[in-house]
Amino acid sequence: MKAFVFPGQGAQTIGMGRALADAYPAARAVFEEVDEALGEALSNLIWEGDAETLTLTANAQPALMATSMAAMRALEAEGVKVTDAAFVAGHSLGEYSALAAAGALSVGDAARLLRTRGRAMQEAVPVGVGAMAALLGLDFDTARAVAEEAAQGEVCQAANDNDPSQVVVSGHKAAVERAVEIAKGKGAKRAMLLPVSAPFHCDLMAPAAEVMASALAEVAMSDPAVPVVANVRAEAVSDAATIRALLVEQVTGSVRWRESVMWMSAQGVTEVWEIGAGKALSGMIRRIDREIACSQVGTPEDVAAVTAG
């Protein structure tokens, strides 16, 4: 049994998706559709811009979705259908890519929603007020206890449960800095602040959740062709109304990636294709369950490799 997964922020690189667009008209059409939806040539930034501008949340989010969908269209051109997967899932913004791949959202709507989401998350907290840190070598329960101890009246929460050895905490900068020191005292192999522009997936994102509730209410959403393993539930959902509500909850809620992969494995998933930029999710999945075979699909060569069989 197979699952398709879609990467989140941090996977972006200048030039991603260009070879797909050159090789597949359907992949190029995705970038054109995103450019049109946003009213700007985001594809120029993705392929020829500077990394700092691409990394801005409001750019990185639709750019990564566009690259994932270009890879999906390339696969479809070679006869692969989204329904060949038992489940789709995405890491944070990747959940929107998963929904677009499964036909629940149009590419244009996904791009507009992610632009809105990126701006709303950026603007929810003034620059310098929040922070995120990766705690390596602590299990989730220990990391969550570290965050609670560090809060001291401020916000500090376990934001991303990525794999058995990596949890990301998010919140007020001073509290997150305290968490780094506490984690080191509790045996973390490493604990370091992350180069992010806002404290994602914690209660400080509440203003962004309100923005997304309004934005999502305006968008047409269908039931996905394949069940989507939701970040905040770590299990599959296939009802559009539920998905809409969970996408709002996701802005402030934890990304339960480790549990999501474990859930898919328990349903019988033995193969995962990471569709889009990078291979961060494949690394996490291998640390969660070594029995799952992982393939990356981000270039024409990758498409040829996975469709050769």
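Predicted model only: the values in this text are computed from it and were never measured. Along the sequence shown, residues are numbered consecutively beginning with 1. We use all heavy atoms of the structure for the numbers below, so side chains are in, but hydrogens, waters and symmetry mates are not.
- Residues L135 and R190 fail the side-chain proximity criterion, which asks for heavy atoms closer than 4.5 Å.
- Separating the CG atom in L113 from the CD atom in E218 is a distance of 10.5 Å, to the nearest 0.5 Å.
- A donor-acceptor pair under 3.5 Å links the side-chain atoms of T67 to the main chain of A63, judged by distance alone.
- Within 6.0 Å of atom CD in E40, more than 12 heavy atoms from other residues, nucleotides or ligands are found, so the atom counts as buried in its surroundings.
- For R256 and E235, the salt-bridge test fails: no basic side-chain N is under 4.0 Å from an acidic carboxylate O.
- Considering every non-hydrogen atom in both M65 and A111, the closest pair reads CE-N, 3.5 Å.
- For the 3.5 Å distance criterion, the side chains of W257 and E259 fail to qualify, holding no donor opposite an acceptor.
- Counting only distance, with no hydrogens or angles, the side chain of E95 and the backbone of N231 share a donor-acceptor pair below 3.5 Å.
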Name each donor-acceptor pair under 3.5 Å that joins a side chain in residues 1-19 to protein atoms two or more places apart or in another chain, with its distance.
residue	atom	partner	partner atom	Å
Q9	OE1	Q61	NE2	3.3
Q9	NE2	T57	OG1	3.3
Q12	OE1	G10	N	2.8
R18	NH1	E48	OE2	3.2
R18	NH2	E48	OE2	3.2

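- By the 4.5 Å heavy-atom criterion applied to side chains, S238 and D223 are not counted as neighbours.
- In this structure, the separation between CE on M132 and OG on S170 is 4.0 Å, given to the nearest 0.5 Å.
- Under the side-chain hydrogen bond (donor to acceptor under 3.5 Å, both in side chains) criterion, N59 pairs with R115, not counting sequence neighbours.
- Residues M262 and I288 are in side-chain contact: their nearest non-hydrogen atoms beyond the backbone lie under 4.5 Å apart.
- In this structure, the separation between CD on Q157 and NE2 on H172 is 10.5 Å, given to the nearest 0.5 Å.
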Would you list the atom pairs, donor with acceptor, under 3.5 Å between side chains in residues 290-298 and any protein atom, with sequence neighbours excluded?
residue	atom	partner	partner atom	Å
Q296	NE2	S282	OG	2.6

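- With hydrogens and angles ignored, the 3.5 Å screen pairs no side-chain donor or acceptor of H201 with any backbone N or O of S254.
- Between the side chain of R178 and the main chain of A150, a donor-acceptor pair closer than 3.5 Å is present.
- Side-chain contact between L136 and M192 is present, with at least one heavy-atom pair separated by less than 4.5 Å.
- Side-chain atoms of T252 and C202, non-hydrogen and from C-beta on, never get closer than 4.5 Å to each other.
- The CG atom of L246 sits 4.5 Å away from the CZ atom of R233 when rounded to the nearest 0.5 Å.
- Side-chain atoms of F200 and N160, non-hydrogen and from C-beta on, never get closer than 4.5 Å to each other.
- In this structure, V30 and L20 have side chains that are not in contact, with every pair of non-hydrogen atoms separated by 4.5 Å or more.
- Annotation: side chain of P227 is not in contact with side chain of V237 (no heavy-atom distance under 4.5 Å).
- In this structure, L38 CG and R112 CZ are separated by 8.0 Å, a value rounded to the nearest 0.5 Å.
- Judged purely by atom type and a 3.5 angstrom limit, S265 has no side-chain atom pairing as donor or acceptor with the backbone of V261.
- Put simply, the side chain of D163 gets close to the backbone of S165: a donor and an acceptor are under 3.5 Å apart.
- Annotation: the span from C156 atom SG to E177 atom CD amounts to 10.5 Å, rounded to 0.5 Å.
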